[in-house]
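Taking it in order: structure first as structure tokens, then the write-up.
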There are 2 protein chains.
Amino acid sequence: MSDAGLTLGLEEDPLLLDRQICFPLYAATNLLGRLYGPVLGKLNLTYPQYLDMLVLWEQQPQTIGALGARLYLDSGTLTPLLKRMEGAGLLSRARDPNDERRVVVTLTERGKTLRSQALHVPETMANGYNAEGVDALRDSVRDLVSILAQHSTRSRGSKTA
Amino acid sequence: MSDAGLTLGLEEDPLLLDRQICFPLYAATNLLGRLYGPVLGKLNLTYPQYLDMLVLWEQQPQTIGALGARLYLDSGTLTPLLKRMEGAGLLSRARDPNDERRVVVTLTERGKTLRSQALHVPETMANGYNAEGVDALRDSVRDLVSILAQHSTRSRGSKTA
DNA sequence: CGATAATGTCTTGCGTGCGATTTAATTGCC
DNA sequence: GGCAATTAAATCGCACGCAAGACATTATCG
């Protein structure tokens, strides 16, 4: 109805794109995925698959639920993703004999070996940027993630803490 | 081959998930989208559609290219998205008579009116978080975005600067 | 003026993400 | 032991996001 012309100096338009925290995060994620794409493509990995491998290279085997807790994803996303990676020969999926509800993901030799080829990815990506402030930014965003995760009903809260 | 056991104190494993800047950004974006979802659902908007509307509420009409430059997206993403929004009656799309290559996006009355219902979204989302540090974090991520955008061949660089 | 290059959008194919539902297995509870 | 509640994955439908290519329009250059 009105033009909202009553806002004086103090309260600015809350809908300005540049006031949102969500937009830079959204844009940065998209841009980063675009930059990672060609580099990871040489390893026949997509961006989410790469993140999955990072988790598995750290600890392995792991259940789908544990992977999801770490990456803040659920089985609706992970199941098809892992099936593609299984098809690519990077890992195998099998029901946990002790609890047939769970599916345990195990790296194949091919999956383990790929790690050596991935070792250069971080520095390739960092090429050109000075790491100044990046560490602090990463920690700040990580703090935001932990706050957001608390407010999330999904992503099973089976945290270690 | 080897276990990479030669890393002494100085150089840690570059593939640790917690060393990556990309992962918190990825997780934060996903979590944020999940939190925005239900709120925006009441306005029959998705998260990317909401960002689109933020741009259009600021300036309108705009070409698809201009929208893409602002959101760091290309027409491959925007065209189907805008068609859905057109189908929802929020906007109209028409070729620019002065340059038939361009498509100009114009808000309908319904699209303009929706803004008043969206005004409460930012504070609804911020509910619970203290804005302490959020502004600084937003600016830091924005700086990262502008750096990433420079390295991106896509997202037509027709910047105002 | 005509051929060619550049530009802006559309289309296609594929891989996520997510809400919602379904199915199977385990836990609780009596 | 038996049955409801809970849990873990899988499945389904939909909406992105992107690379690559197709297409029409405009600009450029000889």
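Chain identifiers are assigned alphabetically (A, B, ...) following the order of the sequence lines, protein sequences preceding nucleic acid strands; residue numbering begins at 1 within each chain. The structure presented is a predicted model; accordingly, all values stated were derived computationally and were not measured.
Positionally, the nearest nucleotide of DNA chain D for A:Arg95 lies more toward the 5' end than for the other of A:Arg95 and A:Thr29. When each of B:Arg101 and A:Thr63 is assigned the nucleotide of DNA chain D bearing its nearest heavy atom, the one mapping closer to the 5' terminus is A:Thr63. For B:Pro80 and A:Asp99, each mapped to the nucleotide of DNA chain C holding its nearest heavy atom, the one lying further toward the 5' end belongs to B:Pro80.
Using a 4.0 Å cut-off, some side-chain N or O of A:Lys83 falls inside it from OP1 or OP2 of D:dT11. The phosphate of C:dT9 has neither OP1 nor OP2 within less than 4.0 Å of any side-chain N or O from B:Thr79. A:Arg34 has a side-chain polar atom (N or O) that falls below the 4.0 Å cut-off from OP1 or OP2 of D:dC18.
Hydrophobic clustering, with ILVMFWY side chains joined whenever heavy atoms are under 4.5 angstrom apart, groups B:Tyr47 together with B:Leu35. Clustering ILVMFWY residues whenever any of their side-chain heavy atoms sit less than 4.5 angstrom apart, transitively, puts B:Leu54 in a cluster other than the one holding A:Leu16.
Comment: A:Arg84 does not engage A:Asp52 in a salt bridge, judged by the lack of any side-chain N to carboxylate O separation of less than 4.0 angstrom. Classification of B:Glu86 and B:Lys83 as a salt-bridged pair fails, no side-chain N sitting under 4.0 Å from a carboxylate O. Under a 4.0 Å N-O distance rule, the pair B:Arg70/A:Asp18 qualifies as a salt bridge. Remark: A:Arg95 does not engage A:Glu100 in a salt bridge, criterion side-chain N to carboxylate O under 4.0 Å.
The distance from atom CG of B:Leu71 to atom C1' of D:dC16 is 13 Å, rounded to the nearest whole Å. In this structure, B:Asp96 places its CG atom 9 Å from P of C:dT9, rounding to the nearest Å. Atoms CG (B:Leu73) and P (D:dA19) sit 11 Å apart, rounded to a whole Å. As rounded to whole Å, 16 Å separates atom C1' of D:dC16 from atom OH of A:Tyr47. As a whole-Å value, the separation of B:Arg102 CZ from C:dC10 C1' is 17 Å. Here the C1' atom of nucleotide D:dG17 and the CG atom of B:Leu25 are 17 Å apart, to the nearest Å. Between B:Leu78 atom CG and D:dC16 atom C1' there is a gap of 11 Å when expressed in whole angstrom units. Rounded to whole Å, atom C1' of C:dT11 lies 13 Å from atom CD1 of B:Ile64.
The ring-ring contact (aromatic ring centres under 6.0 Å, His included) test applied to B:Tyr50 returns B:Tyr36, not counting sequence neighbours.
For the pair B:Asn30 and A:Leu73, the minimum side-chain heavy-atom distance is below 4.5 Å.
From B:Leu51, atom CG reaches atom CG of B:Leu45 across 10.0 Å, with rounding to the nearest 0.5 Å. Between atom OG of residue A:Ser146 and atom OH of residue A:Tyr72 there is a gap of 6.5 Å, rounded to the nearest 0.5 Å.
When distances run from any side-chain atom of A:Val103 to the nucleotides D:dA10, D:dC18, D:dT25, the shortest one goes to D:dA10. Distance from the side chain of A:Glu100 is smallest to C:dT26 among D:dA9, C:dG8, C:dT26. Proximity note for A:Thr77 (side chain, C-beta onward) versus C:dT16, D:dC16, C:dT7: the nearest is C:dT16.
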At a cut-off of 3.5 Å, list every protein nitrogen or oxygen paired with a nitrogen or oxygen from nucleotides 13-15 of chain D, distance to 0.1 Å.
none

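B:Tyr26 comes within 4.0 angstrom of sugar-phosphate atoms only, judged by non-hydrogen atoms across all strands, and of no base.
Within residues 85-92 of chain B, no residue approaches DNA chain D, by heavy-atom distance under 4.0 Å.
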